[in-house]
Amino acid sequence: MNQNEFMQLVNPFKDKLFRVAKRLLVSTEEAEDATQEVLVKLWNRNESLDEYKSVEAVAMTMTKNYCLDQLKSKRAGNMKIVHNNFTDREASLQQKVEDSDTWSWVERIMNDLPEQQKLIVQMRDIEEMEFEEMSKVLEMNEQAIRTALSRARKSIREKMIKTHHYGIG
Amino acid sequence: MALDRIEKILEKYFEAQTSIAEEKELKDYFNSPDVAQHLEQYKPMFVYAVQAKQEQFTATIPLKTNKRKSVVWLSVAASVAVLLGVGLFTFNHYNQPEQENLGTINDPEIAFRETQKALAMISESVNKGIGSMGYLNEYEQSKNKIFKK
């Protein structure tokens, strides 16, 4: 496979990989690095790519694993997490007032979800993936995914209704 | 669109029992301008879901690694070939003249004498070797004295 063929193969889902990476890593630069890393790894496996049934699912799994590793190593080397949570909440309250009518605070609500729920909401509600595909990438059964998804959607709703009431009151 | 249908789908949505098609229906409804007031609070969720899908990966993908690798291997192979070539050449060059130096003798008389000399040298050293075999005889005799047949 030459570079052009590879790009054609990768083009339909490279944005998807990037968005998933960004959901987990939050920062655009880090998400770009992660996507590049995954695509280069995929390119180096060039010869064996034909063996996979779905290159997209493989790429998605690689992205997920890469980002989770990235977060793990960041956490191991950074002890300020508790403090960060604290300041984050204060900032978001202030911003909630500023942009209560835009969708950007939905993003902030999603940032507070646990990683697994973030991934599941991203894959289902934004990328519109079927449960069957998701269970391959996440290595979870469909029922467990549904449970986590329901929990995530409800907690987004809860936080949203709260801010909605703040907006009125 | 029927409002109670949307309400029903919405309920299923929070239990994660909706299909992709039903979820698309919700997205379409909440992204339209007229959303019922009591459902207004859910609007941001579905507006965001549609907006978030617009984001694109714009960075370039550095795909040169594979080519560079093969160039490296090519140069390694080339240098090995050159080294082998030079090595073989010098090896042959220095070893050959010594083998040719043995030469031949054309005059039969000199050749005869030279051969005799060489054979005499061999027999001399063989005799020297046999000389020390004489001791073995002593052993043989004493052995025969002890173990009589």
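Letters A, B, ... are given to chains in the order of the sequence lines, protein chains preceding strands, and every chain is numbered from 1.
Proximity of the aromatic rings of A:F13 and A:F18 is defined here by a centroid distance below 6.0 angstrom, and this criterion is not met.
With no hydrogens or angles considered, no side-chain donor-acceptor pair links B:Y13 and B:E22 at under 3.5 Å. No side-chain N or O of B:Y29 forms a donor-acceptor pair with one of B:D34 less than 3.5 Å apart.
Residue A:Q122: no heavy atom, backbone or side chain, is found under 4.5 Å from chain B. Contacts between A:M129 and chain B at a heavy-atom distance below 4.5 Å involve the backbone alone (N, CA, C, O). Neither the backbone nor the side chain of B:F46 comes within contact range of chain A; no heavy atoms are under 4.5 Å apart. For A:K16, no part lies near chain B; criterion is any non-hydrogen pair under 4.5 Å. Residue contact with chain A, scored on non-hydrogen atoms closer than 4.5 Å, involves the backbone and the side chain of B:E15 alike. Contact of A:R23 with chain B is made through the side chain alone, with heavy-atom distances under 4.5 Å.
Residues A:L42 and A:F6 have side chains in contact (heavy-atom distance under 4.5 Å, counting atoms from C-beta outward). The shortest distance between side-chain heavy atoms of B:V47 and B:Q51 falls below 4.5 Å. The side-chain heavy atoms of A:M160 and A:I109, taken from C-beta on, include a pair separated by under 4.5 Å.
Contact count versus chain B (heavy atoms, under 4.5 Å) is highest, among A:E128, A:M7, A:R19, A:K22, for A:R19. Interface check for chain B: of the options A:E130, A:M110, A:E32, the most heavy-atom pairs under 4.5 Å are formed by A:E32. Across A:R146, A:K154, A:Q36, A:R157, the residue that shares the most heavy-atom pairs under 4.5 angstrom with chain B is A:R157. Heavy-atom pairs under 4.5 Å with chain B were tallied for A:K14, A:R151, A:E37; the largest tally goes to A:K14. For the set A:L39, A:T35, A:I156, the entry with the most heavy-atom pairs within less than 4.5 Å of chain B is A:T35.
Residues forming a salt bridge (charged side-chain N to carboxylate O under 4.0 Å, His left out) with B:K43 (at least two apart in sequence, or on another chain): none.
Closest non-hydrogen pair, A:M140 versus A:S135, comes out as O-CB, 2.9 Å.
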